[in-house]
Protein chains: 2
Amino acid sequence: MKQDEKDVKMKILDAAKVLFARKGFEGTTVRQICDEAGVALALVSYHFGGKENVFYALFDAFAPDFLNTEYELENPEKDLRAFIGEFVRLRMAEPELINLLQQEIIMQSPRMEKLQRYLFALWMQLRRILEAGREKGCFDFESMKHTLHFIIGSLIFTRIAPSIDDIFESADMQGKEESVEAVAAYTTRFIVNGLK
Amino acid sequence: MKQDEKDVKMKILDAAKVLFARKGFEGTTVRQICDEAGVALALVSYHFGGKENVFYALFDAFAPDFLNTEYELENPEKDLRAFIGEFVRLRMAEPELINLLQQEIIMQSPRMEKLQRYLFALWMQLRRILEAGREKGCFDFESMKHTLHFIIGSLIFTRIAPSIDDIFESADMQGKEESVEAVAAYTTRFIVNGLK
DNA sequence: GTCTATACTTGGATAGAC
DNA sequence: GTCTATCCAAGTATAGAC
């Protein structure tokens, strides 16, 4: 029965993750979540205490991966490459979560206040890497604020429109599979060059 | 009376623009729009025929600016700089609209289908500039799809969180005003370098 | 054209049977 | 723990007075 409970909670979280990413928090109804999860309407309230808590539980379930590396700042370019690599890995492992996060950031939703708990440290790590790199002369940029936006924007924005993306996807890959390493390499190259 | 009508429609559009950007399309109610605009609830239906049409009217009202330049592709780097400059100008003139657009792109909302009418040409222009630059040897990149994402992400993403951005804002500027030209210059530099 | 009042629908959350 | 049935609040849209 403990197994069943976890099963249902997980089914709800999985369904909510996809729906929130696709239709937004407000655009998703508890009914849709429960239908998709194949469970009764009442179970969201029972297990989580409401729709909003499902949202937070989503990040609690996956957030530990957000921040597991400490950087030495001895070699900022190496640190930045590692940071980008980690972010790309997370993004490709949990695209819906990154999608949802991006939405919430953009609209400065009231839910962001609690999410900042996880994110603040992440942005600060990136900032420290940039600062260290600027002082050591390996990065060159003028505005810290805009540079952070450029980098995070490059890292986080992964969709124009399915119809358009598919055109380029097939032109790029010619049927080959797209590996995480390859995407990380593209991303690192673009960002690191942007800081020269 | 024609003046009054336009006045009310404009008041609704202005209110909707801010609210949609901030709370999303689904998160915004017609009541909020009308309250903010200072008009009666019924007027959204009367003038626009529903909430969804307010959304489209917003882009109809501002979209002409989206695409007013043709590029010769003789000098792709110059074209790219011009493209970025135009986008940054639009973004700083209409931040709410770009915000809203970004949300809709990310969640692939059903409203995107109509919006693609305006956007498709824009993305294709950027793509042509990149292609031309790649052939002429002034740009170097591997994946067209990801490169477009990087560029658009850098152009469009302008917010982490007010509390965080403000820290860097004041550190960057030390009280000075931030000009459109300066931001366009930062952005151009980051993106153009990223393509080397 | 604009307002107030209201009809109708949908959403979140709970009560109570199992 | 899970279900069905229901309550209540909130949303969109309209009817009808002015």
Side-chain angles (χ1 to χ4, degrees), chain A residues 1-61 100 103-104 107 109-111 113-114, chain B residues 1-61 100 103-104 107 109-111 113-114:
Chain A
M1 58 184 67
K2 196 80 169 81
Q3 178 56 34
D4 277 357
E5 183 193 338
K6 200 169 185 181
D7 228 43
V8 167
K9 288 180 84 165
M10 248 317 176
K11 277 195 277 187
I12 290 173
L13 286 176
D14 283 335
K17 186 169 65 174
V18 174
L19 286 165
F20 283 162
R22 191 60 208 283
K23 303 157 77 74
F25 178 81
E26 308 272 5
T28 302
T29 71
V30 176
R31 283 177 165 81
Q32 289 173 327
I33 294 172
C34 292
D35 281 358
E36 184 69 27
V39 301
L41 174 63
L43 293 186
V44 158
S45 285
Y46 179 79
H47 285 294
F48 296 95
K51 176 177 163 183
E52 187 150 335
N53 288 329
V54 174
F55 177 89
Y56 295 122
L58 223 42
F59 286 90
D60 278 331
L100 175 56
Q103 294 175 39
E104 299 284 317
M107 65 174 75
S109 87
R111 296 168 291 285
E113 197 181 331
K114 289 198 183 176
Chain B
M1 53 183 75
K2 196 81 171 78
Q3 180 56 32
D4 275 358
E5 182 194 339
K6 201 168 185 183
D7 230 41
V8 168
K9 288 181 83 165
M10 249 320 179
K11 276 195 279 189
I12 290 173
L13 286 176
D14 282 337
K17 184 169 66 175
V18 175
L19 286 165
F20 283 160
R22 192 57 209 282
K23 302 157 77 75
F25 178 81
E26 308 271 7
T28 302
T29 72
V30 176
R31 274 179 230 277
Q32 289 173 327
I33 295 171
C34 292
D35 281 358
E36 184 69 27
V39 301
L41 173 64
L43 293 186
V44 158
S45 285
Y46 180 79
H47 284 294
F48 295 95
K51 177 177 161 183
E52 187 150 334
N53 289 328
V54 174
F55 177 90
Y56 294 122
L58 223 43
F59 286 90
D60 278 331
L100 175 56
Q103 294 176 38
E104 300 284 318
M107 65 175 74
S109 86
R111 297 168 290 286
E113 198 181 332
K114 289 197 183 180

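Convention: sequence-line order gives letters A, B, ...; per-chain numbering from 1.
- B:E36 places none of its side-chain heavy atoms less than 4.5 Å from the side chain of B:V18.
- Atom CD of A:E113 has 12 or fewer heavy atoms from other residues, nucleotides or ligands within 6.0 Å.
- With C:dA13, D:dA13, C:dG1 as the choices, the nucleotide that has an atom nearest any side-chain atom of A:V30 turns out to be C:dA13.
- A cation-pi contact, defined as under 6.0 Å to the ring centre and within 45° of the axis, links B:R111 to B:F55.
- The nearest whole Å value for the distance from the CG atom in B:L19 to the P atom in D:dT12 is 12 Å.
- Judged by atom type and distance alone, B:R31 reaches the base of D:dT12 through a side-chain donor-acceptor pair under 3.5 Å.
- For A:T29, whose side chain is taken as the heavy atoms from C-beta onward, the closest listed nucleotide among C:dG11, D:dG11, D:dA13 is C:dG11.
- For A:S45, counting side-chain heavy atoms from C-beta on, the closest listed nucleotide (C:dT2, C:dA5, C:dA13) is C:dA13.
- Distance A:L41 CG to C:dT10 P: 15 Å, rounded to the nearest Å.
- Atom CG in A:D35 sits about 11 Å away from atom P in C:dG11, given to the nearest Å.
- Atom CD1 of A:I33 and atom C1' of C:dA13 are 13 Å apart (whole Å).
- Whole-Å rounding puts the A:F48 CZ to C:dT14 P distance at 15 Å.
- Looking at heavy-atom distances under 4.0 Å, B:V39 makes contact with sugar-phosphate atoms alone, never a base.
- What separates CE of A:M10 from P of D:dT2 is a distance of 15 Å, to the nearest Å.
- In this structure, A:F25 and A:F20 have tilted ring planes: the angle between them lies in the 30° to 60° band.
- Between C:dT2, D:dG1, D:dT6, one nucleotide has an atom nearer to the side chain of B:H47 than all others, and that is C:dT2.
- Note: CG (B:L43) to C1' (D:dC18) measures 14 Å, nearest angstrom.
- Spacing between atom OH of A:Y46 and atom P of D:dT2 amounts to 7 Å, rounded to whole angstrom units.
- Residues A:M107 and B:K23 fail the side-chain proximity criterion, which asks for heavy atoms closer than 4.5 Å.
- Taking only side-chain atoms of B:A42, from C-beta outward, the nucleotide of C:dC3, D:dT6, D:dT2 with the closest atom is C:dC3.
- With D:dA13, D:dT2, C:dC3 as the candidates, the nucleotide lying closest to the side chain of A:V8 is D:dT2.
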